[in-house]
Amino acid sequence: MLAVDVQDLKVRYGKLEAVKGISLQIPPGEVFGFIGPNGAGKSSTIRVLATLQPDFLGSAKIMDVNIRTNPQLVRESIGYVPDFFGVYEDLTAREYLHFFAAAYRLPMSKRKAVVDDVLQLTDLTGKIDSQVDSLSRGMKQRLSLARVLLHDPAVLLLDEPASGLDPRARIEMRELLKALKEMGKTIVISSHILHELAQLCTRIGIIETGRMVAQGSVAEIYQRLGVLKIVHVQVAHQTPELIAQIRGLAGVTQVDDQVDRISIRIEEGKLEVEDLHDFIHSQGARIRMFQPEVMDMETAFMKLTEGHTA
Amino acid sequence: MNLIERFFSLPLLAKDLLEQAQNPRTYLLRVVYALMLYGAALFHYADLNNSGAAAGLASLGRGREFFQLLVNVQTLAILLLLPAITCGALTVEKEKDTLALLLLTKLSPRTIIVEKFLSRLLAMGTYQLLSLPLFAIVYGMGGVELSGILWAVGGLFCLTIVVASVSILCSTWFRTTAEAFMIAYGGLVVLSGFLFIPVMMLREMQYARNPGFQSGFPPAGLQENGSVVRIAVGIQALIFSAVFLGIAARVLVPRAFVPARNLILEWFQFLDRFFNELNEHTTGGVVLIPDGETLPSFQPVAWRETRKKSLGTFRYQFRILMLLLAPLVLVIAHFMTDGRNDFSSPFRGFPVFFWSVTVICLIIHSTGVIASERIRQTLDVLLVTPMKSDDIVLAKLSGVRRLIKILSVPFVVLIGFQGIWTGYVVNRSRFTNDPNFWLELVPATLGMMIYMPVMMWIGFQFGLRLRTQMQAVLATLATVAAICLLPLQLAVLSDVYGLPGLRWIRLLSPLLTLFSSFNGGVSREFQRLQWPDWVLWSVVALMIHFFIYGIIWWQLRRNGLRSFSRIVHRSEN
């Protein structure tokens with residue numbers, strides 16, 4: 001059974017086709033990251049999954065339940081955090097969570113314990129009687145996450161949960177999401193904080209102008225892109241012969257002899273970093289520093305997309 | 001940039017005028033206003049022609065009535081439209097966080113205020129210009145002098161300046177358009193009192209030596225030879241306006257970043273503190289009816305609507321009730337204790353007062369139930385819960401329904417006391433057999449039961465469909481006004497064009513059922529019939545009227561529940 005199964009999804013707003021045939025299959029327990037420029041169709045896709053976009057073509061299922069035919073049942077197995085806080089500021093944190101506990105029909109006898117648990121998980125226990133209005137942005141976002149955990153949903157749909165948060169709040173949010181990942185939740189998350197997605201997601205999908213440009217694990221995407229990797233090397237007693245030998249190695253595209261290091265560009269897939277290390281060592285060089293530079297998500301993103309919107 | 005260029009360079013005014021020109025709503029409103037203005041003029045003109053003499057000639061020399069109608073419509077337009085146009089002038093900049101950017105430019109606060117003021121004045125000017133051809137027709141008809149027209153134009157100009165400056169001040173002072181709008185109307189009511197007092201004083205001075213002078217309203221000075229009074233009022237209005245604009249320029253920067261406030265809630269909270277302290281001092285803090293559960297059980301939306309909203313909470317609604325009941329109780333006490341009173345109906349003004357308050361409270365509350373969720377961006381998180389759409393809608397309206405119950409109490413007291421008064425005091429018997437009394441009592445009761453939910457659903461539907469609560473409030477008010485007035489206008493049209501079958505359409509107006517004195521009430525159509533036929537036909541007409549409104553209620557409810565999911569984009573089974 002797939003946690004999320006989307007086939008040929010199309011969403012249209014008047015003349016604008018925001019999503020042009022996206023397909024996704026996300027097994028349970030996976031953290032799927034949606035990356036794309038503004039207006040690419042990420043939020044539209046997530047809103048379809050959140051039962052907030054009834055006009056769509058194609059098929060969309062959550063935990064094998066069809067969103068089109070049984071949205072009510074789908075709502076019981078999803079937790080949705082929109083790209084804004086969505087909190088009632090005239091309530092206290094306790095009232096807010098009890099409000100949604102009642103909305104999700106949690107039995108009265110369990111509510112207090114569940115509310116205490118989610119507050120503890122989101123580190124908001126000390127703020128239980130604070131007005132929501134008085135909480136910081138990071139706390140409000142954690143309160144939103146606490147809300148979606150009340151009914152223990154199988155799938156979490158998080159639309160840019162870290163947007164507008166300061167670095168500390170972003171780190172706290174990432175740690176919280178890691179904890180949820182360990183709890184076995186299936187998470188669909190869209191974000192602009194790309195390197196955080198790389199650390200968190202088991203799979204990512206890069207979307208542009210309503211189409212999925214690339215989909216797979218982070219490593220798969222790097223491999224598919226055929227991108228170059230740079231390795232910075234420092235050796236004792238560096239000789240011009242060593243440089244020439246490295247240049248002649250298959251898979252090496254460029255070698256820059258810099259003041260304090262040699263920067264070697266290798267083609268991903270043709271030459272492994274470990275093989276390069278062994279080759280330099282076999283030439284009798286004493287390696288002081290060997291530092292492969294990992295291509296970040298931003299580079300992959302920029303390479304895959306052109307900044308167009310749907 | 002030379003001095004002339006600097007003087008005529010009005011970037012903010014140009015931007016606002018461009019925005020208005022690019023907004024289709026500007027043209028829509030203008031067309032609607034033109035249709036209303038010319039429609040009213042056409043009705044009146046047709047009515048004049050139909051009143052006896054040959055068409056065309058009959059209207060000669062009768063331009064004065066037409067003129068008064070035009071001035072009244074223009075005055076009404078200024079009072080209704082101008083605050084709506086102007087109150088958003090600066091609050092919208094605050095809501096969009098663009099005021100700070102404006103303040104960082106070389107535009108001084110005074111320039112910003114003046115340019116905003118001018119942009120709204122010009123917008124209103126386009127509405128007023130629409131009536132110029134009608135003024136020409138009026139002048140052509142005769143019966144009104146050129147000086148009269150000029151006085152009227154001057155008066156309307158002064159009124160426009162005052163209303164616009166009050167609205168600009170409110171827009172500068174408050175954070176949201178809704179706050180500015182409400183306070184602007186309150187301010188205008190207070191200001192009209194300020195302007196009225198010197199008018200009265202001047203009138204008294206002018207007519208002090210005339211022993212035959214009768215007091216009355218409007219002041220005779222304004223009707224007859226009141227040039228001095230008119231000029232004095234005009235100058236006073238312009239001075240007030242200049243002061244308001246000056247204050248607005250002064251407070252623009254300090255009030256640019258004020259946080260949003262819920263004025264109604266703050267007012268109620270102030271009263272809470274006052275009454276709690278009073279209770280502490282008098283009873284030692286005895287509470288007869290505690291607030292009840294503090295956390296929701298199984299109706300979370302209804303819990304929030306009735307426990308957390310300022311207009312939904314019982315104690316706040318109770319205060320509205322007291323506000324309505326207090327004057328009624330005072331009048332009842334007066335009539336009960338003063339044996340000299342034997343009026344047949346001592347409470348004539350109360351239904352109008354009660355219905356005015358009811359309309360305002362119901363429209364504000366019902367239009368806000370979905371709009372407030374949109375403003376707080378909480379609608380989506382509510383929609384993804386497993387609650388059914390019907391349940392969400394009905395729970396969201398639970399606070400309004402309770403408000404309807406509370407607002408019904410003064411009507412019940414009024415109707416009950418009117419019954420007792422008519423029976424015991426006027427007719428000297430336990431129950432009155434006067435059919436007129438029952439033809440007032442029954443529609444008043446049914447009206448209370450049916451019109452309020454109809455209004456609630458109209459407000460809810462507009463709140464659901466329109467982008468802001470302010471738009472929804474104005475649309476609901478316009479709809480309610482149209483429901484009340486359109487049947488009467490159509491009936492006039494049917495008279496004019498000899499379509500007697502359409503005359504009965506006037507019976508659809510709630511004004512006739514609620515206020516029996518208005519336009520002859522429902523029974524006017526049947527009074528030429530013999531007893532008991534006219535009573536019978538009046539009862540039939542009332543039954544049809546309330547049956548139609550019952551159907552409208554049912555249809556609005558059905559439509560509201562069915563269309564909710566579609567409008568908020570919620571998937572439904």
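Computation of the quantities below employed the complete heavy-atom set of this structure, encompassing side-chain atoms and omitting hydrogens, waters and symmetry-equivalent molecules. Below, read A as the first sequence line, B as the second, and so on, with proteins coming before strands; counting in each chain starts at 1.
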Is atom CD of A:Q120 surrounded by more than 12 heavy atoms (other residues, nucleotides or ligands) closer than 6.0 Å?
no
Could you go through B:E373 and B:K396, starting from their C-alpha distance and side-chain angles, then the distance that decides it, and tell me whether this counts as salt bridge (Lys or Arg N to Asp or Glu O under 4.0 Å)?
CA-CA 10 Å; B:E373 297 279 349; B:K396 286 297 296 175; 2.6 Å; yes
Heavy-atom pairs under 4.5 Å with chain B, option from A:T69, A:I78, A:L91 with the top count:
A:L91
Name the region of A:L106, side chain, backbone, both or neither, that has any atom closer than 4.5 Å to a heavy atom of chain B.
backbone
In terms of heavy-atom contacts, B:P300 and B:P296 come closest through CA-CB, 3.8 Å
Do you know the tightest heavy-atom contact between B:I392 and B:M387?
CG1-CB, 3.9 Å
Considering only heavy atoms, which portion of A:F100 lies under 4.5 Å from any heavy atom of chain B: side chain, backbone, both, or neither?
side chain
When only pairs under 4.5 Å are counted, which of A:Y104, A:Y88, A:F84, A:Y80 shares the most heavy-atom pairs with chain B?
A:Y88
Chain A contacts, top residue of B:S565, B:A395, B:P386 (heavy-atom pairs, under 4.5 Å)
B:P386
Measuring heavy-atom distances to chain B, does A:T51 have an atom under 4.5 Å in its side chain, in its backbone, in both, or in neither?
both
I want to check a possible cation-pi pair here: A:R111 against B:F298, using under 6.0 Å from ring centre and within 45° of the ring axis as the test.
yes
